[in-house]
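These notes concern the structure reproduced below.
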Amino acid sequence: MIISLDNFKEILKELNPKKFLSIDTETTGLKWFNNDRLFSLVISDETEDYYFNFNKDPDYEGNLPPSNFILPREWLKELQLKLSDKNCTWFIHNAKFDMGIISREGLIILGEIHCTEAVARLLDGRHPAYTLDDCVRRMFRHLRQKGPSKIDEVKKLVSKKKLYKEVHLEGKNQAKKELHYHKVPFDMMATYACMDGRLCYLLGTYQLKVLENRISKGLDGFKQSYDQEKKITKVCFEMEKEGIDLDIDYTNESLSHYRSNMKDAEQRFYDIAGTHIVDSAKGYKEVFQRLSIVPGLTAKGNPSYAADVLEKVKHPIGKVITDYREARKLMSSYYSTFLYLVSKEGKIHCSIKQNGASKTQRMSIVDPALQTVPKEHDPNDPWNVRRCFVPPEDYCFFAPDYDQMEYRMMLDQAEEIPVIKKILGGLDVHTATAEQMKASSRDAAKTINFLLLYGGGPPRLAEALGISVKEAESLYHQYFYNLSNVQRWRRKIMAFAQFKGYIKNPMGTISLVHPKGEYKAPNYAIQGGCAQAMKKAMAKIADNMKGMKSKMVLQIHDELLFAMHRSELDYCPEIVEVMESVYKYKYLPLTVGPKFSWRSWGDTKEGYPTLEAA
DNA sequence: GAACAACGCACC
DNA sequence: AAACGGTGCGTTGTTC
């Protein structure tokens, strides 16, 4: 139903008693922190979809929306009354985006927020995609119902009529497309928006039923994580909204630096090969033949031109190719993207997918991918991507991170007492493992530790250590002989996964496991346990920090980043205390190492921040 | 021209 | 019998 100037107020009254609603906004673009605005929104209840249009501009054919259906933008304020209802739960697919968009209109949801995307990932993380269409298609299949057939007509129109602007970023070949949904004809937009609203409502109620069903089967881990995710949605939204200051001058200088590096590499390639560089197997095949270089092989048996292979060929062209790739990647994925995404206020507002790693409920971060920003490798190199991010005036960065979070949690879960005793006695985890294994180097122990967390076998160990598979096998035996509880714990988890089809991690929440994927189960348990512990810490910390000037701004799996105001530095130890307290250990607690910097994310040093260091 | 596979590489 | 987990993002090249 399309809301008109005449029935607007009446409809709002009708919404008042509703306990569950879905909301979906239609916007001029994705940068809610900059100039993009909502032009319409749809609210759905159990029977009806209400389409509120605020767009008064013509569509791509020049047609105007019917004047009776153009609502004044000021009327958006009227929605706040219902949004303030704490007894209402809102189903929203990718909720934080809509929260951002409506926040730009001065609106805030004080009720419960059920992000149907995050919940879909939580309930079954085994799928490859979680768009609204994907989730809805699976829901109908599961219910043995026929869903709507045409769900992406709007998308098709946008593509066919080229209702987008192409933006070219330096270092990128492919243009970014900024889609202009506000150019879609009014009737079509209203129809499909209402359908999305309906589908989101159906998905939300379906998810609640699935949840109920799981709980009734005794799987209360899902209840626990569902409740936590609802809190985390709000916490992450605050982080996204806060953003991180970008040093725009430094970012521009870095871009120029790598621009010249890339050109330089292109020239060097041409000097050696006599052709222009094309970074692909096809592009290198002929050149490598001419230079009589034999490349290695990829996993699928094709010629490989990966960095480690290029290093082995011992020909200067290897360095040229890796230099070219490095410069190009840094420009396109980071520097150019930052400058494209930076807000008017000079901040980067990333998007946090709270269950992005859906199999383990880890978070992932996109636009930009701040969890993959390279770390500093050479302290003498003035160019470091993390230096692009700086604390605001009178603030410093505080970056506490868990020490060997995953391995410690595994040892504790396995109750591997002899190693735990050594660690509690002051040894680092890898040295302790090496000692316990007897006759093993710290390096070998460290490699085994990682492989155990990832489910890797002797062939991988052999590869990593440059030894034979036989030797790797014997190292494994040595490990399991001397750390037999780890072996026992792994077998228990795998058997459980095989029998039940899911695992329960140390924090009590659940991941479904594909049949034949049981070897991944110990990894899911630990990665998932760590992810949940971190989320629990984040929820508590965000709660405790309400009203403070200092803000939590980023999470990188086992590390948090805070912008701390100079007057609140003494709060840092409390953050660490919360982080250390969330996991209820049996023998080995999680510990946290503090880091700080007054300069940039790329300049953090160990310890707590002080004013003297400013 | 879009979708997909394959590759490569950054992080934890 | 045998398997290194989880991501995001970029390019090239093929296919429909």
Side-chain angles (χ1 to χ4, degrees), chain A residues 121 125-126 128 152 155-156 159-160 162 169 171-177 277-285 295-310 321-322 324-326 328-334 336-337 350-353 355-377 385-386 401-402 404-407 410 447-464 469 472 494 503 511 513-514 516-528 530-531 534 554-559:
Chain A
R121 290 173 183 271
R126 299 170 299 177
D152 51 6
K155 212 178 135 195
K156 276 187 202 157
S159 159
K160 197 172 142 204
K162 294 202 186 345
L169 302 191
K172 265 199 241 265
N173 268 7
Q174 230 168 4
K176 236 185 170 62
K177 282 180 183 164
I277 187 166
V278 179
D279 189 16
S280 70
K282 197 182 164 198
Y284 295 133
K285 191 182 172 189
L297 295 178
T298 66
K300 296 214 184 289
N302 300 315
S304 168
Y305 300 89
D308 54 335
V309 174
L310 294 176
I321 293 172
T322 49
Y324 173 81
R325 283 179 183 155
E326 183 199 31
R328 203 168 168 180
K329 186 182 172 100
L330 291 177
M331 286 170 78
S332 64
S333 288
Y334 301 112
S336 288
T337 301
C350 63
S351 171
I352 304 172
K353 294 163 77 175
N355 283 322
S358 54
K359 296 181 178 73
T360 57
Q361 294 94 53
R362 259 193 185 184
M363 292 183 184
S364 68
I365 296 186
V366 295
D367 301 324
L370 290 181
Q371 285 172 331
T372 70
V373 173
K375 294 184 79 167
E376 178 182 79
H377 291 297
V385 188
R386 294 191 183 208
D401 71 321
Y402 285 102
Q404 293 91 27
M405 189 184 199
E406 298 191 334
Y407 193 56
M410 183 177 84
T447 309
I448 293 189
N449 287 345
F450 275 106
L451 285 175
L452 283 174
L453 288 170
Y454 298 154
R460 289 294 174 171
L461 182 61
E463 197 184 304
V469 176
M494 286 191 272
I503 58 100
S511 293
V513 182
H514 260 138
K516 308 222 170 193
E518 292 82 21
Y519 76 96
K520 297 177 182 174
N523 175 268
Y524 291 175
I526 295 304
Q527 221 182 94
C530 290
M534 182 54 115
L554 194 60
Q555 186 244 50
I556 312 99
H557 305 305
D558 59 1
E559 170 179 345

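In this text the structure is predicted, and so the values were computed from the model without any measurement. Each chain gets a letter, A, B and so on, in the order the sequences are listed, and its residues count up from 1. The basis for the numbers below is simple: all heavy atoms, side chains too, and nothing from hydrogens, waters or symmetry mates.
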Distance test, side-chain N/O of [X] to OP1/OP2 of [N], below 4.0 Å:
{"X": "A/Ser280", "N": "C/dT11", "result": "no"}
{"X": "A/Arg325", "N": "B/dC9", "result": "yes"}
{"X": "A/Asn302", "N": "B/dC7", "result": "yes"}
{"X": "A/Lys156", "N": "B/dA2", "result": "no"}
{"X": "A/Thr360", "N": "C/dG5", "result": "no"}
{"X": "A/Thr372", "N": "C/dG8", "result": "no"}
{"X": "A/Asn523", "N": "C/dG6", "result": "no"}
{"X": "A/Tyr519", "N": "C/dG5", "result": "yes"}
{"X": "A/Lys177", "N": "B/dA2", "result": "yes"}
{"X": "A/Lys282", "N": "C/dT12", "result": "no"}
{"X": "A/Ser304", "N": "B/dA6", "result": "no"}
{"X": "A/Lys375", "N": "B/dC12", "result": "yes"}
{"X": "A/Ser333", "N": "C/dC9", "result": "no"}
{"X": "A/Tyr305", "N": "B/dC7", "result": "no"}

Which one, [options], comes nearest to the side chain of [X]?
{"X": "A/Thr298", "options": "B/dG8, C/dT7, C/dT11", "result": "B/dG8"}
{"X": "A/Ala369", "options": "C/dC9, B/dG8, C/dT11", "result": "C/dC9"}
{"X": "A/Ser364", "options": "C/dG8, C/dA3, C/dG6", "result": "C/dG8"}
{"X": "A/Ser332", "options": "B/dC11, C/dG10, C/dC4", "result": "C/dG10"}

Once you round it to whole Å, what is the distance between [atom2] of [N] and [atom1] of [X]?
{"X": "A/Leu330", "N": "B/dG8", "atom1": "CG", "atom2": "P", "result": "18 Å"}
{"X": "A/Leu370", "N": "C/dT7", "atom1": "CG", "atom2": "P", "result": "18 Å"}
{"X": "A/Lys172", "N": "C/dT11", "atom1": "NZ", "atom2": "P", "result": "7 Å"}
{"X": "A/Tyr284", "N": "C/dT11", "atom1": "OH", "atom2": "P", "result": "14 Å"}
{"X": "A/Lys300", "N": "B/dC4", "atom1": "NZ", "atom2": "C1'", "result": "13 Å"}
{"X": "A/Glu518", "N": "C/dA3", "atom1": "CD", "atom2": "C1'", "result": "11 Å"}
{"X": "A/Lys155", "N": "B/dG1", "atom1": "NZ", "atom2": "P", "result": "17 Å"}
{"X": "A/Ile448", "N": "C/dC4", "atom1": "CD1", "atom2": "C1'", "result": "13 Å"}

Identify whether any heavy atom of [X] sits under 4.0 Å from a base atom; if not, whether one sits that close to sugar-phosphate; answer base, sugar-phosphate or nothing.
{"X": "A/Ile365", "result": "sugar-phosphate"}
{"X": "A/Ile556", "result": "sugar-phosphate"}
{"X": "A/Lys516", "result": "nothing"}
{"X": "A/His514", "result": "nothing"}
{"X": "A/Val385", "result": "nothing"}
{"X": "A/Ala307", "result": "sugar-phosphate"}
{"X": "A/Lys329", "result": "base"}
{"X": "A/Tyr524", "result": "sugar-phosphate"}

[X] (side chain) donor-acceptor with [Y] (main chain) under 3.5 angstrom:
{"X": "A/Ser336", "Y": "A/Met331", "value": "yes"}
{"X": "A/Glu463", "Y": "A/Leu461", "value": "no"}
{"X": "A/Ser358", "Y": "A/Gly125", "value": "yes"}
{"X": "A/Ser511", "Y": "A/Ile503", "value": "no"}

On a heavy-atom basis, the closest approach of A/Pro374 and A/Leu330 is CG-CD2, 4.0 Å
Which heavy atom in A/Gly296 sits nearest to a heavy atom in A/Val309, and how many Å separate them?
N-CG1, 3.2 Å
Assign each of A/His557 and A/Asp367 to its nearest nucleotide of DNA chain C by heavy atoms, then name whichever residue's nucleotide is nearer the 5' end.
A/His557
Mate of C/dA2 where both pairing distances stay under 3.5 Å, Watson-Crick or G-U:
none
Carboxylate-amine/guanidinium contact A/Glu406 A/Arg362, below 4.0 Å:
yes
Ignoring hydrogens and angles, does a donor from either the side chain of A/Arg362 or the base of B/dC12 sit under 3.5 Å from an acceptor on the other?
yes
Please state whether the base of C/dG5 and the side chain of A/Gln527 form at least one donor-acceptor pair under 3.5 Å?
yes
Please tell me whether A/Thr337 and A/Lys172 have a donor and an acceptor in their side chains that are separated by less than 3.5 angstrom.
yes
What interatomic distance, in whole Å, is found between P of B/dC7 and the corresponding atom of C/dC4?
16 Å
